[in-house]
Amino acid sequence: MEQFLGLLLGYAFGSIPFGLLLAKAGGAGDIRKIGSGNIGATNVLRTGSKKLAAATLLLDLAKGLVPVLLAKALFDQPATMPGAAYGPVPLAALGAVFGHCFPVWLGFKGGKGVATNAGVSFGLAWPIGLAYALVWIGVALLSRISSLAGMCAVIAAAIAAAVLGYAAYVPVLVAIAVLVLWLHRANIGRLSRGEEPKIGQGK
């Protein structure tokens with residue numbers, strides 16, 4: 001039951017489509033009809049509003065962070081406990097990213113999970129989140145390609161968990177990384193052809 005509640009908690013938070021709601025409230029219209037059609041911060045930036053994009057980024061991050069922290073507080077299951085890898089905390093993390101990517105309110109068509117997984121990483125353990133953030137920022141500065149930075153960051157989070165002693169979180173972070181990479185398969189194709197838009201550039 002605790003595992004189910006953790007998963008449900010994460011999904012409930014993750015499925016809130018902040019990008020869509022903020023864009024409509026800010027007069028930018030339905031961002032599903034703009035650029036990539038994605039509801040994440042990168043596509044919100046294509047509306048021309050940096051403020052809306054920044055707000056979307058922070059809220060998408062928060063909907064990964066909050067359910068993980070709540071699961072830790074509610075279920076009190078340390079990462080060192082037997083079976084912690086499949087406990088309510090990792091499942092809340094998985095639920096948050098899954099909810100963002102497949103929100104029931106939008107016909108299961110959402111974002112690609114990068115910002116939400118950043119929040120998840122910080123919620124699981126701040127060193128994992130720091131590794132995530134540093135890799136994202138570093139790759140974004142060097143390449144100016146958001147999708148590449150996001151894919152590198154999700155892989156870095158799983159590696160950081162393994163290297164820094166958070167073995168219980170490795171399975172869920174690997175699962176999330178596989179999901180995020182799969183959702184970026186079109187981006188990977190464009191990257192291989194040198195056609196992927198840079199940050200701030202229209203698709």
Side-chain angles (χ1 to χ4, degrees), residues 1-25 31-32 37-41 43-44 55-129 132-133 150-151 153-155 157-158 160-162 166-184:
M1 180 59 74
E2 286 187 350
Q3 283 88 342
F4 174 75
L5 290 175
L7 187 66
L8 184 62
L9 176 67
Y11 187 86
F13 274 89
S15 64
I16 303 171
F18 285 120
L20 178 65
L21 297 174
L22 287 174
K24 284 188 174 182
I31 59 167
R32 293 174 296 179
N38 195 273
I39 63 169
N43 203 41
V44 174
T56 300
L57 177 65
L58 290 174
L59 288 171
D60 281 352
L61 191 151
K63 69 184 184 183
L65 175 66
V66 172
V68 172
L69 294 181
L70 282 176
K72 282 186 173 182
L74 291 171
F75 303 113
D76 191 28
Q77 188 180 58
T80 53
M81 286 182 62
Y86 308 101
V89 173
L91 287 177
L94 181 63
V97 176
F98 198 83
H100 175 77
C101 298
F102 307 104
V104 63
W105 328 111
L106 303 180
F108 302 102
K109 296 178 181 179
K112 294 181 180 177
V114 173
T116 303
N117 194 34
V120 158
S121 297
F122 275 105
L124 291 174
W126 70 263
I128 299 175
Y132 191 107
M151 288 187 284
V154 296
I155 294 170
Y166 298 97
Y169 299 142
V170 172
V172 71
L173 289 171
V174 168
I176 290 172
V178 171
L179 172 62
V180 171
L181 290 174
W182 181 76
L183 291 172
H184 279 81

* Asked: How long is the gap from NZ on K109 to CG on L106, to the nearest 0.5 Å?
  -> 10.5 Å
* To do: Hey, could you give me each pair passing side-chain hydrogen bond (donor to acceptor under 3.5 Å, both in side chains) that has a residue in residues 14-24? Not counting sequence neighbours.
  => S15-W105
* For residues A118 and L61, report the shortest heavy-atom separation together with the two atoms involved. => CB-CD1, 4.2 Å
* Could you name each residue pair satisfying side-chain hydrogen bond (donor to acceptor under 3.5 Å, both in side chains) that touches residues 113-126, not counting sequence neighbours? => none
* Distance from D60 atom CG to F18 atom CZ, nearest 0.5 Å? -> 7.5 Å
* Asked: Of the non-hydrogen atoms in L124 and Y169, which two are nearest, and what is the gap between them?
  -> O-CE1, 3.5 Å
* To do: Could you tell me whether a side-chain N or O of K63 sits under 3.5 Å from a main-chain N or O of G99, the two making a donor and an acceptor?
  => no
* **Side chain K112, main chain W182, donor-acceptor under 3.5 Å** => no
* Less than 4.5 Å apart, any side-chain heavy atom of Y11 and any of V104? -> yes
* Nearest atoms (heavy-atom pairs only) where A71 meets A92 -> CB-CB, 3.8 Å
* Kindly give the heavy-atom pair with the smallest separation between L183 and C101, and that separation in Å. => CD1-SG, 3.4 Å
* Value rounded to 0.5 Å, distance of CG in L70 from CG in L5 -> 12.5 Å
* Asked: Is any side-chain heavy atom of L91 less than 4.5 Å from a side-chain heavy atom of P88?
  -> no
* Asked: Do any N or O atoms from the side chain of Y132 and from the backbone of I155 form a donor-acceptor pair under 3.5 angstrom?
  -> no
* Asked: Should Y166 and I128 count as side-chain neighbours, where that means a heavy-atom distance under 4.5 Å?
  -> yes
* Asked: Say you draw a straight line from CG of L8 to CZ of F13; how long is it, rounded to the nearest 0.5 Å?
  -> 11.0 Å
* Looking at residues at least two apart in the chain, or sitting in another chain, which of them share a ring-ring contact (aromatic ring centres under 6.0 Å, His included) with F102? -> F98
* To do: Applying side chain to side chain contact (heavy atoms under 4.5 Å, CB included), run through M151 and V114 and close with a yes or a no.
  => CA-CA 8 Å; M151 288 187 284; V114 173; over 6 Å; no
* Structure fact -> Closest non-hydrogen atoms of A158 and V170, given as atom of the first, atom of the second and distance, are O-CG2, 4.2 Å
* Structure fact -> Smallest heavy-atom separation, V120 atom then A96 atom, equals CG2-CB, 4.2 Å
